[in-house]
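Just follow the structure's listing: the first ligand is 1, and inside any ligand the first atom is 1.
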Amino acid sequence: MVQSSVLGFPRMGVNRDLKKATESYWGGKISQRELLAEGKRLRGEHWKIQKEAGINIIPSNDFSFYDHVLDHIQLFGAIPEKYSKHNLDPIDEFFAMGRGLQSPHTPEAAAVDVPSLEMVKWFDSNYHYVKPTFQDGQNFKLSSNPKPVAEFLEAKEAGIITRPVLVGPVTFLALGKADRDQNVVPISLLHKLLPLYEEILVKLKEAGAESVQIDEPCLVLDLPPKVRNAFKPAYDKLSSLGGKIPELVVATYFGDIVHNYDVLPSFSSLHGLHIDLARNPEQLETVIGALGEKQLLSVGVVDGRNIWKANFKKAIETVETVVQKLGKDRVIVASSSSLLHTPHTLASEKKLDEDVKDWFSFAVEKTKELAIIAKAVTDGPASVREELEANAKSMEAKATSKRTNDPKVKERQSKITEEMFNRKSPFPIRIAQQQEKLNLPLFPTTTIGSFPQTKEIRIQRNKLTKSEISEEEYEKFIEREIEDVVKIQEELGLDVYVHGEPERNDMVQYFGERLTGYVFTTHGWVQSYGSRCVRPPIIVGDISRPAPMTVKESKYAASISKKPMKGMLTGPITCLRWSYPRNDIHQSVQAEQLALALRDEVVDLESAGVYVIQVDEPALREGLPLRQGLERDNYLSWAVKSFRLSVAGVQDSTQIHSHFCYSEFQDFFKAIADLDADVLSIENSKSDAKLLKVFVDEAYPRHIGPGVYDIHSPRIPSEDEIKDRIEEMLQYLKPEQLWVDPDCGLKTRQWKETKAALTNMVNAAKFYRQKYSKSS
Ligand SMILES: Nc1nc2c(c(=O)[nH]1)N[C@@H](CNc1ccc(C(=O)N[C@@H](CCC(=O)N[C@@H](CCC(=O)N[C@@H](CCC(=O)O)C(=O)O)C(=O)O)C(=O)O)cc1)CN2
Ligand SMILES: [Zn+2]
């Protein structure tokens with residue numbers, strides 16, 4: 001029979017239970033025992049959901065209290081000494097690596113003060129993983145009571161034989177990096193790491209695991225030869241263990257693996273291979289050609305990255321072609337990737353219009369889809385006739401729905417002209433006019449937009465949602481928040497202010513809620529990193545802006561500040577990428593619609609007296625196609641055009657800023673330069689300042705504020721630490737070019753640490769301001 005399988009299930013729980021538990025634990029409100037019990041309860045619930053849906057192959061070890069790559073860092077003992085030396089309890093050491101730890105001195109214990117490990121985007125998604133960080137002479141050691149075994153046994157106890165998931169050895173190393181000042185090439189550690197895979201696999205077999213899913217998603221990337229060549233020895237070694245270890249299924253996702261064709265024979269003695277057919281259906285034939293004689297193929301036909309219902313007819317056709325070639329027993333129907341990227345269940349959505357709700361499928365529903373597709377192929381379509389008919393109906397309803405099409409939007413798109421993409425004058429002319437208008441000092445200080453989203457703000461917003469307070473009351477509350485934030489910035493001595501974004505639930509959701517063409521969930525939370533979740537809005541139709549979205553708040557903020565106030569918008573690519581986009585028209589068309597809406601907003605802000613406007617594009621990098629080549633060039637071309645279209649409507653004297661977190665800017669530097677933004681603020685504090693060299697090499701003339709401290713952690717950077725950062729930056733950037741700002745917005749922080757950190761930041765900037773004004 002054709003089996004059904006899920007590659008991973010969301011961890012948060014139906015009501016973000018995991019978020020609540022971890023945050024309570026960090027806040028000292030629940031004990032470690034209670035936290036662990038909640039984890040166990042959630043795992044149990046999630047296994048049960050999948051079992052009841054009829055899934056044959058259910059994953060374990062997909063759960064994590066923070067991040068699954070961090071789990072592996074701990075599993076293999078790849079823990080930098082600055083964490084291990086404190087002899088923390090394992091779970092506290094785990095969280096210290098994930099989010100940093102700054103504990104006060106107590107009479108009994110020395111203070112701990114460690115920043116978190118670097119956190120980066122998981123392939124092209126909005127999920128973040130913790131980057132393995134290796135030392136020269138790195139050694140590994142399997143943790144006692146290894147998590148994959150413990151969770152397998154836990155499921156077994158509950159009557160479910162699961163398929164444990166491990167990140168594969170090559171991907172684990174390839175996603176890592178050498179620690180600062182270390183030179184180790186991660187993949188060269190393979191021979192030291194492999195024995196631990198053997199050990200864990202043997203233990204899993206002894207515990208009763210029949211098969212294990214080994215994720216090697218780095219196979220979809222362009223790989224350096226050293227990494228490519230690592231697969232064969234690694235998997236030859238593991239295959240040689242034969243019956244001592246469970247059967248292995250190597251999973252790839254988020255792309256095709258055809259360009260790594262020569263690597264595939266290294267897997268052919270393994271039990272099976274998983275490929276993502278939702279994203280790259282065309283790879284099927286090549287991969288089948290490379291399969292070993294008895295090997296299974298797991299076909300990812302239900303998309304793990306979006307919320308659209310699977311098209312049963314198409315999915316079944318695909319699976320049947322595979323069955324014809326391999327036979328029913330060699331085919332597994334699977335989610336294309338882990339379902340981590342989808343919300344928990346559609347059943348929680350009580351406010352969605354029924355017509356659109358019928359187009360969606362979240363994690364719970366996707367597990368049911370998988371079981372239905374597998375049954376249709378195993379027992380024939382008649383066995384699930386009703387489900388197939390309902391699915392065909394909803395596909396038809398969506399294809400013909402009036403919601404998707406707005407002729408006015410199409411008409412405006414057809415009238416876009418070339419000059420709409422260009423500012424009036426080149427940068428040197430603009431900056432002179434801006435300087436005259438804004439009169440900023442050397443090393444101007446600013447923040448990235450948001451200030452702490454306090455409990456009080458969330459409570460008031462929640463009351464508004466429940467109509468417990470009126471719109472006017474809420475607006476008054478927001479005005480008072482803006483007043484506070486302006487006053488605090490005055491006291492801190494910052495140079496360009498922000499209004500603090502108190503009115504925004506999330507920088508993408510907020511705009512989605514103000515644009516036509518979007519719908520929203522009430523419980524559609526998806527993990528972004530650690531305990532932080534987002535509720536991506538869903539694009540269902542053509543997008544337009546019925547009314548100004550941010551002008552009222554920014555105008556008010558500008559009216560009460562003595563210094564320039566920066567307007568704050570989320571750019572078209574970020575609005576697109578952090579929403580669930582439509583799957584019926586190309587993303588470039590959706591980005592252009594967003595750009596036109598934002599363009600009107602930018603011009604309205606300028607008319608309202610806001611002369612510095614930041615258009616955030618933190619997702620520009622993440623949207624970059626994973627491999628070099630035409631697809632990437634095309635993406636960059638339409639992405640850059642969307643940004644330019646959104647900002648180019650202003651006067652030369654209006655200063656356009658843009659912001660990027662996720663620092664790997666070297667590989668798309670040209671695109672960043674092409675944005676033609678007057679000022680860029682980029683996340684940089686966790687990276688080597690050497691990366692800034694690209695600005696020198698490319699003779700980048702405009703202004704830049706590389707972040708001087710990490711905002712993901714509550715840790716307060718000292719003034720000296722920030723000075724050191726600025727000093728390093730000055731090796732690469734000219735003093736007239738440099739802005740001083742944090743890595744990103746401060747919404748996740750508390751006020752106490754925010755004020756302390758910004759005080760140190762402003763003092764550090766003042767130090768350099770003085771130094772350079774003397775010397776010039
Ligand atoms: N979309 C998106 N992606 C992003 C980022 C981002 O800002 N947005 N930033 C980067 C890092 N990621 C981040 C992701 C989330 C958060 C974050 O703070 N998320 C909040 C939720 C933000 C939100 O939408 N809040 C809503 C809803 C708040 C809420 O939880 N309400 C309660 C009720 C109110 C209460 O009692 O607190 C509920 O719905 O149950 C609001 O403020 O209105 C969280 O997890 O806590 C921060 C950074 C990368 N990707
Ligand atoms: Zn940011």
Side-chain angles (χ1 to χ4, degrees), residues 12-20 22-24 26 67 99 119-122 124-129 341 343 348 351 447-466 468 474 477-478 481 498 501-513 520-538 568 570-571 573-580 614-623 657-663 665 680-686 705-707 710-713 741-750:
M12 281 294 148
V14 65
N15 286 314
R16 284 184 299 164
D17 316 68
L18 182 60
K19 173 192 177 65
K20 287 165 197 165
T22 44
E23 290 180 357
S24 302
W26 298 334
D67 162 52
R99 57 196 297 272
M119 198 171 66
V120 281
K121 289 285 170 101
W122 180 241
D124 57 357
S125 79
N126 195 6
Y127 175 79
H128 307 60
Y129 73 93
H341 313 281
S348 300
K351 289 193 180 157
T447 59
I448 308 305
S450 56
F451 271 107
Q453 282 268 336
T454 57
K455 189 140 192 91
E456 182 59 18
I457 296 180
R458 297 252 156 94
I459 290 173
Q460 293 299 325
R461 189 155 42 244
N462 201 20
K463 282 189 177 165
L464 175 71
T465 313
K466 292 188 183 146
E468 289 169 17
Y474 181 68
F477 169 77
I478 293 296
E481 287 292 316
V498 296
E501 307 179 24
E503 77 288 9
R504 302 187 191 177
N505 39 20
D506 171 77
M507 59 186 284
V508 168
Q509 192 189 338
Y510 182 80
F511 288 92
E513 285 169 1
F520 324 92
T521 64
T522 48
H523 292 78
W525 294 99
V526 177
Q527 185 180 16
S528 180
Y529 70 88
S531 69
R532 296 286 171 180
C533 299
V534 294
R535 204 162 33 172
I538 304 170
M568 196 59 58
T570 304
I573 301 303
T574 303
C575 281
L576 176 77
R577 298 277 326 168
W578 291 354
S579 306
Y580 288 112
Q614 178 175 311
V615 178
D616 293 323
E617 280 293 22
L620 186 67
R621 169 66 183 75
E622 161 197 321
H657 289 220
S658 186
H659 162 71
F660 300 89
C661 356
Y662 318 110
S663 51
F665 45 80
L680 294 179
S681 58
I682 51 179
E683 173 182 323
N684 192 246
S685 75
K686 294 249 140 181
D710 175 35
I711 53 80
H712 290 106
S713 147
D741 46 30
D743 265 353
C744 185
L746 300 161
K747 62 186 161 204
T748 58
R749 300 276 52 87
Q750 308 280 322

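Among all protein heavy atoms, the one lying closest to atom 36 (O) of ligand 1 is N462 ND2, 4.2 Å. Of the protein's non-hydrogen atoms, R458 CB, 3.8 Å is the one closest to atom 37 (O) of ligand 1. Distance from atom 15 (C) of ligand 1 to its nearest protein heavy atom, with residue and atom name: C533 O, 3.4 Å. Of the protein's non-hydrogen atoms, T748 CG2, 3.5 Å is the one closest to atom 47 (C) of ligand 1. Here the heavy atom of the protein found nearest to atom 10 (C) of ligand 1 is Y662 OH, 3.1 Å. Of the protein's heavy atoms, D506 OD2, 3.1 Å lies nearest to atom 1 (N) of ligand 1. Of the protein's non-hydrogen atoms, Y529 CE2, 3.7 Å is the one closest to atom 48 (C) of ligand 1.
Residue contacts with ligand 1 for W525 involve side-chain atoms from C-beta outward but no N, CA, C or O (heavy atoms, distance under 4.0 Å). Only side-chain heavy atoms of R461 come within less than 4.0 Å of ligand 1; its backbone N, CA, C and O stay farther off.
Contact of the W578 side chain with the P537 side chain is not registered, since no non-hydrogen atoms from C-beta on lie closer than 4.5 Å. Side-chain contact check for V120 versus H128: every heavy-atom pair is 4.5 Å or farther apart.
Across the listed options V534, I459, N505, N505 owns the non-hydrogen atom lying nearest to atom 24 (O) of ligand 1. When R16, Q453, Q527 are checked for heavy-atom proximity to atom 40 (O) of ligand 1, R16 turns out nearest.
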side-chain hydrogen bond (donor to acceptor under 3.5 Å, both in side chains) between T574 and D616, intermediate numbers included: CA-CA 8 Å; T574 303; D616 293 323; over 6 Å; no

Apply side-chain contact (heavy atoms from CB on, under 4.5 Å) to the pair Y529 and D67, showing each step before the final yes or no. CA-CA 7 Å; Y529 70 88; D67 162 52; over 6 Å; no

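When only interatomic distances are considered, the shortest N/O to N/O separation between R532 and ligand 1 falls below 3.5 Å. The shortest N/O to N/O separation between W578 and ligand 1 does not fall below 3.5 Å. Where the criterion is an N or O separation shorter than 3.5 Å, residue side chain and backbone included, H128 fails it with respect to ligand 1. Among the atoms of K747, some N or O lies under 3.5 angstrom from an N or O of ligand 1. Ligand 1 has no nitrogen or oxygen under 3.5 angstrom from a nitrogen or oxygen of K455.
Angle SG (C661) to the Zn ion (ligand 2) to NE2 (H659): 110°, rounded to 10°.
Contact atoms of ligand 1 toward K19: 44 (C), 45 (O), 46 (O) (distance under 4.0 Å to a heavy atom of the residue).
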